[in-house]
Amino acid sequence: MVRAVSSVRVPVRGDSRLWLEGSSNVRDWTCKATSMDATIEVESKAGSKGTESSAATGVNKVIVKVPVRMLKCGDRHMEAQMYSALKSSDAGATHIIAHFDRLPDGVVTGETIETSGLLTIAGVERTVRMTVSSDRLPDGTRRARGTVPILMTDFGIKPPKPWGGLLRTSNKVLIQFEIFIAPII
C-alpha cells in the first residue's frame with residue numbers, strides 16, 4: 001500500500017483556554033482570553049488511493065492569535081492599564097500571536113515536547129522557548145498544556161505603575177494555555 005503524506009489543518013475545541021498570570025506589590029493577578037483563534041497543522045499519512053483512513057503523524061505548525069481587547073481581568077481599571085501597556089490601539093499590536101513551526105526530530109520525550117517559536121506582543125516579535133506536555137483523554141481528544149514565561153521589557157512594554165507608582169507590576173508574566181484537539185479520524 002502506498003501512503004501519501006499531506007498536511008491537515010485542525011481547529012482546536014472551543015473549551016481551549018489561554019490566560020496570563022503576573023504579580024504586583026499588592027496582589028497576584030490573572031487575565032483570561034475570552035476569545036482566541038488557534039489552528040494546528042498536522043502531517044497526515046493517508047491510505048492508498050480509495051482508502052478513507054488516515055492518521056496524524058506529527059505537528060507541522062501551531063498558530064494562536066488572541067485579540068488584546070479579549071483579555072479580561074475582572075477589573076476594568078486593570079484592563080485599561082493592560083490595553084494601554086500592550087499598545088492595543090496601534091494597528092500592529094491588536095493581537096498576541098504565537099507561531100511555532102514543525103518540531104525538529106529528537107525533541108519529543110514521551111508526552112513532553114521542547115520547542116521554540118515566535119511570539120508577537122505589542123507589535124514586537126521575539127523567539128521564545130517552552131515545554132509542552134501532551135496527553136490523550138479517554139474520548140481520544142489530545143490535550144496540550146504549557147507555560148511561556150516572558151519579561152514585559154523584552155517586548156518593549158514598561159511594567160505598569162498606576163496610581164502614581166503606588167502599585168508596581170512585576171516585569172515577569174506567565175502565558176499559560178490548555179488546548180484541546182478533537183480526535184483526527
Side-chain angles (χ1 to χ4, degrees), residues 9-41 59 61-101 113-135 141-182:
R9 292 184 69 115
V10 181
V12 300
R13 282 190 349 199
D15 57 346
S16 297
R17 59 194 187 109
L18 181 138
W19 66 99
L20 309 178
E21 292 181 358
S23 62
S24 71
N25 62 321
V26 175
R27 66 179 175 97
D28 292 344
W29 53 267
T30 300
C31 297
K32 299 175 184 177
T34 59
S35 173
M36 86 171 147
D37 177 22
T39 304
I40 299 172
E41 184 178 296
V59 174
K61 186 182 300 186
V62 176
I63 301 172
V64 178
K65 293 181 183 181
V66 176
V68 170
R69 297 268 177 178
M70 291 290 136
L71 291 168
K72 302 298 177 187
C73 311
D75 178 313
R76 65 183 177 89
H77 297 292
M78 182 178 175
E79 290 166 4
Q81 287 286 326
M82 179 179 56
Y83 299 154
S84 176
L86 292 176
K87 305 170 187 163
S88 67
S89 60
D90 294 357
T94 59
H95 289 78
I96 295 173
I97 302 170
H99 184 224
F100 293 85
D101 286 321
I113 302 166
E114 295 289 331
T115 187
S116 66
L118 297 175
L119 181 63
T120 304
I121 301 175
V124 176
E125 183 178 83
R126 295 281 182 254
T127 300
V128 295
R129 294 188 52 81
M130 73 172 154
T131 301
V132 178
S133 63
S134 175
D135 59 339
T141 297
R142 177 62 74 175
R143 175 176 54 186
R145 295 179 286 181
T147 301
V148 181
I150 65 161
L151 297 177
M152 286 190 250
T153 52
D154 287 347
F155 292 88
I157 301 168
K158 186 175 179 180
K161 294 180 183 178
W163 303 320
L166 291 175
L167 184 126
R168 293 177 305 284
T169 306
S170 174
N171 190 23
K172 184 177 180 180
V173 174
L174 300 177
I175 301 173
Q176 306 219 47
F177 62 89
E178 183 175 45
I179 293 178
F180 297 97
I181 307 161

Could you check whether any side-chain heavy atom of Leu71 comes within less than 4.5 Å of a side-chain heavy atom of Leu86, counting everything from C-beta outward? yes
Report yes if the side chains of Arg143 and Thr141 come closer than 4.5 Å at any heavy-atom pair, otherwise no. no
Qualifying salt bridge (charged side-chain N to carboxylate O under 4.0 Å, His left out) pairs, either residue in residues 21-36, two or more places apart: none
CD of Gln81 to SG of Cys73, rounded to nearest 0.5 Å, is 11.0 Å
Mind checking whether Ile96 and Val64 have side chains closer than 4.5 Å, heavy atoms only? no
For Thr115 against Phe100, the heavy-atom pair lying closest together: OG1-CD2, 4.0 Å
Do Glu125 and Thr120 make a side-chain contact, defined as non-hydrogen atoms from C-beta onward lying under 4.5 Å apart? yes
Chi angles and distances behind the side-chain contact (heavy atoms from CB on, under 4.5 Å) call for Val62, Ile40: CA-CA 5 Å; Val62 176; Ile40 299 172; 4.1 Å; yes
Minimal non-hydrogen separation, Met152 against Pro160, with atom names: SD-CD, 4.0 Å
Nearest non-hydrogen partners of Phe155 and Ala122, listed with the distance: O-CB, 4.1 Å
Give the intermediate values and the outcome of side-chain contact (heavy atoms from CB on, under 4.5 Å) for residues Leu119 and Arg126. CA-CA 5 Å; Leu119 181 63; Arg126 295 281 182 254; 5.6 Å; no
Over all atoms of both residues, closest heavy-atom pair of Pro159 and Asn171: CG-OD1, 3.7 Å
If you round to the nearest 0.5 Å, how far is CD1 of Ile181 from CD1 of Ile179? 7.0 Å
Pro149 side chain near Leu174 side chain, heavy-atom distance below 4.5 Å: yes
To the nearest 0.5 Å, tell me how far Gln176 CD sits from Thr30 OG1. 8.5 Å
Starting at OG1 of Thr127, measure out to CG of Asp154 and round the result to the nearest 0.5 Å. 11.5 Å
Given side chains that start at C-beta, do those of Asp135 and Arg145 come closer than 4.5 Å, heavy atoms only? yes
Which distance, rounded to the nearest 0.5 Å, do you find between the CE of Met36 and the OG1 of Thr34? 10.5 Å
Got Val66 and Trp19 here, is their nearest side-chain heavy-atom distance under 4.5 Å? no
Within 6.0 angstrom of Lys72 NZ, more than 12 heavy atoms from elsewhere: yes
If you round to the nearest 0.5 Å, how far is OG1 of Thr169 from CG of Asn25? 8.0 Å
Which of these passes salt bridge (charged side-chain N to carboxylate O under 4.0 Å, His left out) with Glu178: Arg142, Arg13, Arg17? Arg17
Might you point out which heavy atoms bring Val12 and Ser16 nearest each other, and give the distance in Å? CB-OG, 3.7 Å
Phe177 to Thr147 - nearest heavy-atom pair and separation: CE2-N, 4.2 Å
